[in-house]
Amino acid sequence: MAKNREKWAPEVELPITPMLDMFFQMLFFFVMTYHPSALEGQFPINLAATEDRAGQNQPTNPDPKASPRVTPDLPHVTVVAKAADNGWLESVDIFVRGGSSETLKPPPDRTSGSEQILRHLTRRLQEIKKEIGGDDRAVVQASGHLRWEDAMRVMDACRRSSSGPLFPKLELDLVR
Amino acid sequence: MAAVVGSDRVELNLTPLLDLVLQIIMFFMITVNFVSDQVNANVTLPSSTSAQEIQAKTETDFIVINLLVDRVDRKDAQGRTIRDGYGRPIRDIAQPKTMRIIFAGREDIVFRQGEEGIALGKAAKAISDLARVLRRRQSIREKVAEDQIKELKVPIIIRADVEIQYGLVLPLIVQANREGFSKVELRAQTVQQAQR
């Protein structure tokens, strides 16, 4: 039987062309549906605390220069980002519980100024982190009309520096 | 291309081509990302150096809230769209500034500057309605009473445009948490993507 089959064995040709057609169709489908949005990242926030504290940490004094009411259960560091009338970042205040407070303001040139202020913020937070030790939480308060891009940059500056994490657990709040 | 010596028959060798196509298909299959119809491509996300890689979702459901500003393509004197070095059209904010909050790719709250309060009221109601529906669905799935459900397992993903105000994003996060959504994620462009 096997001998017969060998004798009668026809030349078998695998038709590759329809398979290739199908592969080209698949290729076309994947090329068309390919989307670079996979590079979107998620930005973690400390949600429970945000909910608990939103609106609670407001200055009771209407004086805009007054420091926020920092209650004992709050993280050690509160960063207050204030917006100019057009929504761009105007200044950043850093409050340390039981310690100092300082205001960082950019020079008049907005773009380079805000870059400078954020670099300065990160540098100061690095120093503060060394002083206060283990607390990895911080509160970020921002003006309601601050542009989301600037708010995100402030949060970025608080979360990590080039040398490592600073305050990865951020709690968000509003300055009114 | 291979020709048999002494024969008129010419055969095209398709095998290397097939190998190549298969490899390209393999690449696209691995990197493919089926964009949900909830994700609005017109949102210009802020870039972030500390944005983390998106975790593979175990949940089958999620709700995306897109906050965006209407934009129009910038045109030159001849009316042609001006493009950047990557061939993407340069877009400016449409005047008067109009913003949108889009829930789950369906509900669309359109508002202008100065109407943020009204928009946030409508958004809070939309989140509340969503929470009610999801709570009912979760109670059926878990076979418990609706009022016993403390946490809604469906994550909320907030994609806010760079030009949206912080004061619009934070109330949505707080409202979502108040309604029982325990997972709220913010989205940003990773810096590598932003530089492209």
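By convention in this document, chain letters (A, B, ...) are assigned in the order of the sequence lines, proteins followed by strands, and residues within each chain are numbered from 1. Note that the structure is a prediction, hence the values are computed from the model and not measured.
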Checklist outcome for this item: Answer key: most heavy-atom pairs under 4.5 Å with chain A among B:Val21, B:Leu18, B:Thr15 is B:Leu18

Checklist entry - For the candidates B:Val169, B:Leu67, B:Leu168, which exhibits the highest count of non-hydrogen atom pairs separated by less than 4.5 Å from chain A? => result B:Val169

Checklist entry - Checking heavy atoms, do the side chain of B:Ile158, its backbone, both or neither come under 4.5 Å from chain A? => result neither

Checklist outcome for this item: From the list B:Leu17, B:Thr44, B:Thr49, the residue making the most non-hydrogen contacts under 4.5 Å with chain A is B:Thr49

Checklist entry - So which residues get pulled into B:Ile82's cluster when ILVMFWY side chains under 4.5 Å apart are joined, directly or through others? => result B:Ile90

Next on the checklist: Here's a test for you: under side chain to side chain donor-acceptor pair (under 3.5 Å), which of B:Thr98, B:Asp161, B:Asn42 qualifies with B:Arg71?
Outcome noted: B:Asp161

Next on the checklist: Do B:Ser182 and B:Lys153 pair up side chain to side chain, a donor and an acceptor below 3.5 Å, judged on atom types alone?
Outcome noted: no

Next on the checklist: Suppose clustering is done on Ile, Leu, Val, Met, Phe, Trp and Tyr with side-chain heavy atoms closer than 4.5 Å. Which residues sit in the same group as B:Leu68?
Outcome noted: B:Val43, B:Leu45, B:Ile102

